[in-house]
Amino acid sequence: MSLKFAGRKKGMTKIFDESGQAVVCTVLELEPNVITQVKTKEKEGYNALQMGGITLPASRKKNLSKPLQGHFASKKVEPTKVVFESRVEDVSSYEVGQSLNVDYFQDAKFVDVSGTSKGKGYQGVMKRHGFKGGPAAHGSGFHRHAGSTGMRSTPGRTFKNLKMPGHMGDDKVTAECLHIVRVDTEKHLLLVKGAVPGPRNGIIFVRKSVKKAHKQA
């Protein structure tokens with residue numbers, strides 16, 4: 001099991017590798033994540049680290065719920081915007097208040113990045129599912145419709161999971177096996193090849209790749 005880090009997607013850029021080839025990559029800002037609680041199998045039933053990520057402005061600290069304010073105060077750590085859990089096999093080498101930096105990914109080659117995709121509101125079947133659409137002629141009367149959905153015909157009902165218009169985006173999406181291009185420990189930046197789900201400054205979670213864990217060494 002690898003640790004999960006919270007950060008922000010800062011945007012996309014282009015750099016050149018050693019051979020002079022342009023590499024399109026996404027810049028991820030991973031500020032130091034602080035351990036706010038250590039959960040053990042003896043007490044909670046499983047081993048995990050509760051971590052806080054993304055610095056919270058002083059003006060926003062008062063907006064935290066009282067239970068969260070009390071939790072941070074009891075652990076003597078600064079409040080953060082995001083609180084999450086990361087499962088680990090052994091928690092003996094971690095303690096409350098410990099900071100974990102982006103240099104955790106120095107020895108990794110691939111990462112998995114999870115984020116919330118951009119919300120696109122209510123969309124039709126052509127944009128949402130890639131339908132071809134009908135004829136573009138003036139008299140067709142069928143341009144961007146979905147066609148028959150099964151009503152008033154055998155079996156006389158609409159089947160579940162039928163592709164129809166509806167809400168598009170704003171879903172949790174994970175981009176797997178993204179190649180690490182550069183790790184900047186001074187600026188807390190991680191550059192990965194390709195695109196990452198979510199808008200600019202959107203919250204993302206990064207962990208070492210699960211499917212290519214055997215290639216991390």
Side-chain angles (χ1 to χ4, degrees), residues 2 4-15 22-31 33 51-54 56-57 60 63-65 68 80-87 110-181 189-213:
S2 61
K4 181 168 61 175
F5 282 69
R8 289 188 182 277
K9 173 184 175 180
K10 302 305 293 183
M12 299 191 70
T13 186
K14 180 172 63 177
I15 64 175
V23 179
V24 177
C25 54
T26 305
V27 181
L28 308 177
E29 183 182 39
L30 300 180
E31 297 179 355
N33 284 207
M51 302 171 63
I54 304 177
L56 196 64
R60 294 296 182 92
N63 295 336
L64 288 175
S65 64
L68 267 181
T80 56
K81 183 177 181 64
V82 181
V83 179
F84 59 98
E85 276 192 10
S86 184
R87 293 286 188 102
F110 300 92
V111 292
D112 297 338
V113 182
S114 300
T116 303
S117 61
K118 294 181 180 179
K120 296 177 174 59
Y122 188 95
Q123 298 296 334
V125 291
M126 290 184 67
K127 182 171 181 176
R128 192 182 186 204
H129 300 294
F131 280 24
K132 182 180 178 181
H138 291 288
S140 70
F142 179 76
H143 300 289
R144 302 180 66 89
H145 291 238
S148 174
T149 58
M151 295 301 292
R152 302 181 68 83
S153 61
T154 304
R157 63 186 177 87
T158 303
F159 287 110
K160 293 182 179 179
N161 302 320
L162 183 68
K163 293 181 179 179
M164 299 181 69
H167 183 266
M168 182 179 179
D170 196 29
D171 296 319
K172 181 181 177 181
V173 182
T174 299
E176 298 179 337
C177 304
L178 297 179
H179 180 69
I180 296 178
V181 178
L189 299 179
L190 180 70
L191 275 68
V192 296
K193 184 177 180 180
V196 166
R200 188 180 290 111
N201 289 322
I203 298 174
I204 47 90
F205 294 94
V206 187
R207 69 189 312 161
K208 292 181 180 179
S209 179
V210 175
K211 293 184 177 179
K212 292 193 176 182

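Below, each value reflects all heavy atoms present in this structure, side chains not excepted, and no hydrogens, waters or symmetry copies. Just so you know, these numbers come straight off a predicted model, no measurement behind them.
Nearest heavy-atom pair across G124 and P165 is CA-CB, 4.1 Å. Nearest approach of S86 to M51, heavy atoms of both residues: CB-SD, 4.1 Å. Pairing each heavy atom of P197 with each of G115, the nearest pair is CG-N, 3.9 Å. Minimum interatomic distance between F84 and A6 (heavy atoms only, all atoms of both residues): CE2-CB, 3.4 Å. The heavy-atom pair separating V24 from M12 by the smallest distance is CG1-CE, 3.7 Å. Of all non-hydrogen atoms in A195 and L178, the two that sit nearest each other are O-CD1, 4.1 Å.
Using a 4.5 Å cut-off on side-chain heavy atoms (C-beta onward), V192 and V206 make no contact. Contact annotation: the side chain of F205 approaches that of V82 to within less than 4.5 Å [non-hydrogen atoms, C-beta and beyond]. When side chains are defined from C-beta on, V23 does not count as touching H179, because their heavy atoms never get closer than 4.5 Å.
Among pairs with a residue in residues 164-181, those fulfilling salt bridge (charged side-chain N to carboxylate O under 4.0 Å, His left out) read E176-K211, at least two apart in sequence or across chains. Counting only residues at least two apart or in different chains, side chain to side chain donor-acceptor pair (under 3.5 Å) contacts with residues 135-144 are absent. Sorted by first and then second residue, the side chain to side chain donor-acceptor pair (under 3.5 Å) pairs involving residues 114-137 (not counting sequence neighbours) are S114-T174.
Take N161 and apply the side-chain hydrogen bond (donor to acceptor under 3.5 Å, both in side chains) test, not counting sequence neighbours, and it matches no residue. Contacts of E31 classified as side-chain hydrogen bond (donor to acceptor under 3.5 Å, both in side chains), with partners at least two apart in sequence or in another chain: T55. For the side-chain contact (heavy atoms from CB on, under 4.5 Å) test, residues two or more places apart in sequence or in another chain that qualify with A22 are K14, F16. Among residues two or more places apart in sequence or in another chain, the side-chain hydrogen bond (donor to acceptor under 3.5 Å, both in side chains) test is passed with K9 by none. Take K4 and apply the salt bridge (Lys or Arg N to Asp or Glu O under 4.0 Å) test, not counting sequence neighbours, and it matches no residue.
Remark: L28 CG to L189 CG distance equals 8.5 Å, nearest 0.5 Å. Atom NZ of K10 sits about 13.0 Å away from atom CG of L191, to the nearest 0.5 Å. Rounding to the nearest 0.5 Å gives a distance of 13.5 Å between NE2 of H145 and CZ of F131.
At most 12 non-hydrogen atoms from other residues, nucleotides or ligands lie less than 6.0 angstrom from NZ of K193.
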Determine whether T26 and V113 satisfy the following criterion, side chain to side chain contact (heavy atoms under 4.5 Å, CB included), listing intermediate values before the conclusion. CA-CA 11 Å; T26 305; V113 182; over 6 Å; no
Run R8 and I203 through side chain to side chain contact (heavy atoms under 4.5 Å, CB included) and show every step you take. CA-CA 5 Å; R8 289 188 182 277; I203 298 174; 4.2 Å; yes
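A donor-acceptor pair is defined here as one N or O able to donate and one able to accept, closer than 3.5 Å; no such pair exists between the side chain of T80 and the backbone of I54. A distance-only check finds no donor-acceptor pair linking the side chain of D112 to the backbone of S209 [under 3.5 Å].
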